[in-house]
Amino acid sequence: MMTLFWIAAGFAALLAAGWVMRFAGQMATGNKPAFRDMSLAVAFGYVLGVAVIVFAVWYYFQPAVTEQGMAVAGVLFFRWAVQGFAIFAIVAWIFRFFGRMVGSAGTKKLFRQMPLTAAFGLLVILIYAVLAIFAGAIAPYGQAEVFDQVNALPGGNAATGGNPAHLLGTDQIGRDLLSRLIYGAQNTVGIAFATTCLAFFLGGTFGFLAAVAQGWFDQILSRSVDVLMAIPSLIFALLLMTIASAWAGSEKWLLTIYMVLIIAVIDSTRVFRLARAVGMNIVVMDYIEAAKLRGEGLPYLIFREILPNAMAPLLAEFGLRFCFVFLTIASLSFLGVGIQPPLADWGTMVRDLAQFINFAAFSPLTAALPLMAAGAIALLTVAVNFVVDWMLQRSSGLKE
Amino acid sequence: MSDLLVDMRGVRIEGRSDETWMPIINGVDLTLKKGEVLGLIGESGAGKSTLGLAAMGFCRDGVRISGGSVSFDGVDLLAASSEVKRQLLGKRIAYVAQSAAASFNPAHKLMDQHVEAPVQHGVAGRAESAHDGVELYRKLRLPNPDEIGFRYPHQVSGGQLQRAMTAMAMACRPDLIIFDEPTTALDVTTQIEVLASIREIVEEFNTAAIYITHDLAVVAQMADRIKVLLKGDEVEEADTRTMLSAPKEDYTKSLWAVRAFERPEKPPVATDSTPVISVQGVTAAYGTVDVLQDVSFDIHAGRTVAVVGESGSGKSTTARCITGLLPPRIGQIELDGTPLPLDYRQRTKDQLRQVQMIYQMADTALNPRKSIGEIIGRPVEFYMGLRGAAKRKRVEDLLDQIEMPADQYFHRLPSELSGGQKQRIGIARALAAEPKFIICDEVTSALDQLVAEGILRLLARLQDELNLSYMFITHDLATVRAIADEVVVMKDGAVVEQGIKTEMFRPPHHAYTDLLLSSVPEMDPDWLTNLLKERGVDNIGDAAVGKMS
């Protein structure tokens, strides 16, 4: 009850502060339209924003260590997050700056019009791509290499149970975590990318076919897709994976292929829906009619007339779908039926390291380990969406 | 205090494009007295709508008023707070948009939308304003005024919706209404009804109005004064009669002269010649409903047959039958005396090549993701089998033929062209197939008059050079007069009358042809008044009721 009261009181105080701020603004600027036409809700928003920023700054400068010498994990993690954010922003800015200086006139123009978020996303994707492609050269050890010291703590300080040879420590059976994190980019991202491409190829082709052909062909496809979509996707994937693991037997790599196929098929149903809906809108255009009357065949209609015009929504969907597929693979791996050991994978890493989160109060760095794998997933998801948003804005001229 | 209701001085408006502000209106004055109707005319892009909206102190997104003053009844609208403006807009200033179909909320009934403004502004209660709404519907001669308010926007016709929107604008008895091309999307026969009712109600309530349009003949009927705009500048302003009889500026004169284009009459067709296209007793249906009944006509080489009629009369359906998109249920289409397969999928490549089509909306007829060179090059490659340099040469020749320099336009996208240029590309794409016969489906109705005239002249020249046959679908009789050799009048899916153009325009004609012909607005400011007198006012109401059922 008291909590509710305090929330209400805080709300009222902010509202009052908003009113005062607006009134002061009106007085100070001689009733400029910016303050004159400001609604109380907007003024409240400004004040709330300022309050949040003030709190964040205050929290940032709280002591990170208690008087007893214990680390305050909350403050520490918050500082790391803020610092990481600042570093990424600066690096993205520098990246964009170099992009504007170097390269052809076309790429320079591209970088000049690029918002910082897109530069950040592009940079992250580039880093992931480099990590994934050159994982073998960058990682200090192999992903399946087992060392004697198990559960070495991160930080590389031998006095606190670390090992200078393993910067991020080792896992329960003695594999180097840094190497596994890097190899994870290769496995998780590579497999997710392949799966998404396959899903788009399937869903896009059939969706456009349904849009052009219509009639019974469309009915059969659409209803089958409805049936597939009616089953919760993760449970459906788990079910199929169980069957697939029986088929695959001891051939672990075969199971990975099955997983790619299963997720691609399940996700292609969503792509199918989108492609069909977008395609339906394009098919009624006069230029499609003109192409039909010219006597063009189906492949020309789909790939030369419809596809270029459906690119913008499909691209946006690709970004989202890639993230979903990525998360599905991570979840399946977390549940133990996805990417199979000894292949390194972020989802599996989160599962294996999950209990370390309990040590946050004693060793924040150790607790950060599962967060690092999870953060790698989150960072890529955000980055991909930033880039897709930007591409969408460029290709469709969306300004709103 | 002056007696001016609207007083705009030196208004400058800018629009944002590519991060810079481009001028749209360069310092235009506009004044309006109470009860006066001002016509704003100019081609598209002249800034008519922008200026009209600015009279409400309003700009679209990405547009700003950068200079000048706008005052409404003594209130400075540019300095007024949004609170003050909210009090004025809807209550004392109302706006009627071009497309009523797009402006009504399809999820609510007409009356629910009608009463919204009066109730919001506290002018009247719900029941009271609904009652008033019925009165307004009656005044605007909507059929079943007591019940039409309970319909949804999609359940009434376009002309009725436009009148319902006018009624909605009238709901608070505003002092000023801005009409933004309210009849542009309507048929001539419907347009008359809307014009007459708008004029009557504006006169009755002594409302001032700004009437925005590109159609001179329409504005001549409606306005007391006319202001001509060109690219954001005022060309001239005068009262309607002076403006029509003695325009001062060259630009205004050229606007007035557009309808002068007319082709000389051709000698009659030899009786034994085989028509290029012969439509024989075609009956076609969507589902089980027959939309065409026993349509027959011939089109000879080098001739233009205009098919006229209001929307829904089956003009475009006839075109779909000829192209094979809608196989007729009964009857057949002959090309050079040999019957064409009814379904386009069974036609040979050569048969498809002979029949080409130019569309009304060039925006949707050209693939926005392909360059001009690709769009025109595809039929060249597809039908003629040309590739590489030969293909490029042919595309450049075609661009020459439509008077667009190839080096300048070859790599452009459709979005980088003006409306008229897009339509020319549509023509070039049809020509690329080297056809005998081209169907032109309302090709000029989306264009400004000057641009439309250019397209018509181009089509006429191409016909003479290449001996093409056209089937020209239109509802604009001025276009028919300009380009047709023969005319086919359609109504409700059947041919009402057909014959040589000159005979068709000479009385006596069929009653429906007469209605169509007399509905075309003329430049005479007394035309509408006289016409209404001639027809008897009730006649219009009856016609509307007839259309309802």
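Protein chains get the first letters and strands the later ones, always in sequence-line order, with residue 1 at the start of each.
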> Should we say atom CZ of A:F111 is surrounded by more than 12 heavy atoms from elsewhere, each under 6.0 Å from it?
Replying inline: yes

> Side chain, backbone, both or neither: which part of A:E296 has a heavy atom under 4.5 Å from chain B?
Replying inline: both

>> Between B:A362 and chain A, with a heavy-atom cut-off of 4.5 Å, which part of the residue counts as in contact: side chain, backbone, both or neither?
In response: neither

> If you take all heavy atoms of A:D286 and B:M361, which pair is closest and at what distance?
Replying inline: OD2-O, 4.2 Å

>> At a 4.5 Å cut-off on heavy atoms, which part of B:R429 comes close to chain A: side chain, backbone, both, or neither?
In response: side chain

> Run the side-chain contact (heavy atoms from CB on, under 4.5 Å) check on A:E305 and B:K370 step by step: do they pass?
Replying inline: CA-CA 9 Å; A:E305 297 278 353; B:K370 293 189 164 195; 3.6 Å; yes

>> Can you confirm whether more than 12 heavy atoms, excluding those of A:K109, are under 6.0 Å from its NZ atom?
In response: no

>> Within a 6.0 Å radius of atom CZ on A:F201, are there more than 12 heavy atoms belonging to other residues, nucleotides or ligands?
In response: no

> Going by heavy atoms in the side chains, are A:R294 and B:R378 under 4.5 Å from each other?
Replying inline: yes

> What closest approach, in Å, do B:L352 and A:G295 show between heavy atoms, and which atom pair accounts for it?
Replying inline: CD1-CA, 3.6 Å

> In terms of heavy-atom contacts, does OH of B:Y383 have more than 12 from other residues, nucleotides or ligands at under 6.0 Å?
Replying inline: yes

>> Quick check on B:E416: does its CD atom have over 12 non-hydrogen neighbours (other residues, nucleotides or ligands) under 6.0 Å away?
In response: yes

> Under 3.5 Å, is there a donor-acceptor pair between the side chain of B:N367 and the main chain of A:Y287?
Replying inline: no

> So what's closer than 4.5 Å to chain A heavy atoms on B:R86: side chain, backbone, both or neither?
Replying inline: neither

> Which bit of B:A80 comes within less than 4.5 Å of chain A, counting heavy atoms only: side chain, backbone, both or neither?
Replying inline: backbone

